[in-house]
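Notes follow the structure.
Please read these numbers as outputs of a predicted model, since none were measured by experiment.
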Amino acid sequence: MSVKKAVIPAAGLGTRMLPISRAVPKEMLPIVDRPTISYLVDEAVASGITDILIITNRDKDMMEDYFDISPEYEQKLRASGKTAEIDAMYECAQKANIYFMRQKVTRGLGHAVGCAKAFVGNEPFAVLYGDDIIFSETPVCRQLMDAYEKYGRSVCGVKAVSDELITKYSSLKTEPIGDNCYFVDDMIEKPKKEQIMSNFSILGRVLLTPDVFDIIENLEPGAGGEIQLTDAMKKIANTRGMTAVDFEGTRFDMGSKLGFLTANVVQGAKNPELGEDFCAFLREFVKTI
């Protein structure tokens with residue numbers, strides 16, 4: 001069965017981005033002139049996804065507004081003859097079937113994904129973590145979908161991380177099966193040093209089959225006292241295995257200030273409108289530091 005649905009958990013408080021995250025959801029912080037959430041939606045759409053559920057919570061209504069039509073802006077732009085901007089607004093609102101659901105109690109990533117059970121139904125689905133922006137030649141979602149079609153198992157997107165970071169993320173037991181893919185039969189969230197299986201960690205993208213929902217519903221709280229999606233995937237890996245894809249692309253942690261700044265620099269330098277001037281500024285600026 002082809003993958004046509006995606007879930008984007010975006011209900012976190014964004015405490016690492018305080019104080020701005022008290023007023024602006026971290027998913028709405030801009031990368032140049034577009035909010036972070038729009039890059040996730042674009043990746044899903046470019047991968048062939050047609051239906052997207054964004055899991056939010058209170059005080060994140062501006063995400064819904066962004067993917068809607070604004071008659072006030074349309075009237076103002078039309079009066080100014082800016083039809084290209086009007087077309088862009090409609091394209092943003094109509095590029096996919098975008099739905100929103102509130103996670104009324106924030107109990108972790110696993111719980112957030114569990115909220116999507118009715119939306120997903122009996123289909124495989126992609127999960128794009130709300131904090132993780134990945135710039136790549138081939139959308140990472142598409143890379144995972146290709147692996148799912150080839151191996152017929154749930155898939156996680158992974159990269160090797162440092163010894164220091166692995167204890168803050170997850171660690172997977174992996175065996176090479178070809179190209180950039182690995183067979184996974186075990187994993188652990190936030191391992192202690194003696195629990196590290198490899199330096200491969202899940203970073204921002206997974207593709208799951210709907211049986212994960214029954215697993216989530218029966219999970220006990222894990223690391224941090226939350227329902228961890230990694231714990232659900234561990235059960236899948238232990239019983240029938242998963243595929244890990246060492247994906248092509250560069251990941252930016254948009255839940256951190258450094259990730260936010262570096263993503264803006266990278267995309268600013270590539271921007272067709274201001275990239276040349278921005279790069280000229282950067283060349284002069286680095287001489288001063």
Compile the donor-acceptor pairs under 3.5 Å between side chains in residues 276-283 and protein atoms, sequence neighbours left out, one pair per line.
none

Could you pull out every donor-acceptor pair under 3.5 Å between side chains of residues 253-271 and any protein atom, sequence neighbours left out?
{"unit_1": "D253", "atom_1": "OD1", "unit_2": "R16", "atom_2": "NH2", "d": "3.2"}
{"unit_1": "D253", "atom_1": "OD1", "unit_2": "G255", "atom_2": "N", "d": "3.0"}
{"unit_1": "D253", "atom_1": "OD2", "unit_2": "R16", "atom_2": "NH1", "d": "2.8"}
{"unit_1": "D253", "atom_1": "OD2", "unit_2": "R16", "atom_2": "NH2", "d": "3.4"}
{"unit_1": "S256", "atom_1": "OG", "unit_2": "D253", "atom_2": "O", "d": "3.0"}
{"unit_1": "S256", "atom_1": "OG", "unit_2": "G259", "atom_2": "N", "d": "3.0"}
{"unit_1": "K257", "atom_1": "NZ", "unit_2": "L18", "atom_2": "O", "d": "2.9"}
{"unit_1": "T262", "atom_1": "OG1", "unit_2": "L258", "atom_2": "O", "d": "2.9"}
{"unit_1": "T262", "atom_1": "OG1", "unit_2": "G259", "atom_2": "O", "d": "3.1"}
{"unit_1": "N264", "atom_1": "OD1", "unit_2": "V32", "atom_2": "N", "d": "2.6"}
{"unit_1": "N264", "atom_1": "ND2", "unit_2": "P30", "atom_2": "O", "d": "3.1"}
{"unit_1": "N264", "atom_1": "ND2", "unit_2": "F260", "atom_2": "O", "d": "3.0"}
{"unit_1": "N271", "atom_1": "OD1", "unit_2": "E273", "atom_2": "N", "d": "2.8"}
{"unit_1": "N271", "atom_1": "OD1", "unit_2": "L274", "atom_2": "N", "d": "3.0"}

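Taking the six-membered ring wherever Trp is involved, the centroid distance between the rings of F252 and F135 falls below 6.0 Å. Ring centers of Y99 and F67: at least 6.0 Å apart, outside the cut-off.
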List the steps and the verdict of side chain to side chain contact (heavy atoms under 4.5 Å, CB included) for K26 and T36.
-> CA-CA 8 Å; K26 66 182 186 299; T36 297; over 6 Å; no

Under the side-chain hydrogen bond (donor to acceptor under 3.5 Å, both in side chains) rule, what do S201 and S170 come out as? Steps first, then yes or no, please.
-> CA-CA 5 Å; S201 185; S170 59; 3.2 Å; yes

Decide salt bridge (Lys or Arg N to Asp or Glu O under 4.0 Å) for K5 and D51; before the verdict, give the C-alpha distance in whole Å, the side-chain angles of both, and the deciding distance to 0.1 Å.
-> CA-CA 5 Å; K5 292 183 177 180; D51 296 88; over 6 Å; no

Take R102 and D61 through the test salt bridge (Lys or Arg N to Asp or Glu O under 4.0 Å) and record every step on the way to the result.
-> CA-CA 10 Å; R102 284 191 177 186; D61 293 345; 3.2 Å; yes

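Under the 6.0 Å distance and 45° angle rule, R153 does not count as a cation-pi partner of Y148. Relative to the six-membered ring of F200, K159 misses at least one condition, a distance below 6.0 Å or an angle of at most 45° to the axis.
In the hydrophobic cluster analysis, where Ile, Leu, Val, Met, Phe, Trp and Tyr join through side-chain heavy atoms closer than 4.5 angstrom, V206 is grouped apart from V245.
Atom CD of E64 has more than 12 neighbouring heavy atoms from other residues, nucleotides or ligands inside a 6.0 Å radius. Shown here is K235, whose NZ atom has no more than 12 heavy atoms of other residues, nucleotides or ligands within 6.0 Å. The neighbour count for K173 NZ, taken as heavy atoms of other residues, nucleotides or ligands under 6.0 Å away, does not exceed 12.
Between I215 and the choices I236, T239, D231, the side-chain contact (heavy atoms from CB on, under 4.5 Å) rule is met once, by I236.
Under 4.0 Å is where a charged nitrogen must lie from a carboxylate oxygen, and between E43 and R142 no such pair does. Taking 4.0 Å as the cut-off between side-chain N and carboxylate O, E27 and K60 count as a salt-bridged pair. Salt bridge present: K117 and E217 bring a charged side-chain N and a carboxylate O closer than 4.0 Å.
With a 4.5 Å cut-off on side-chain heavy atoms, V127 and L208 count as touching.
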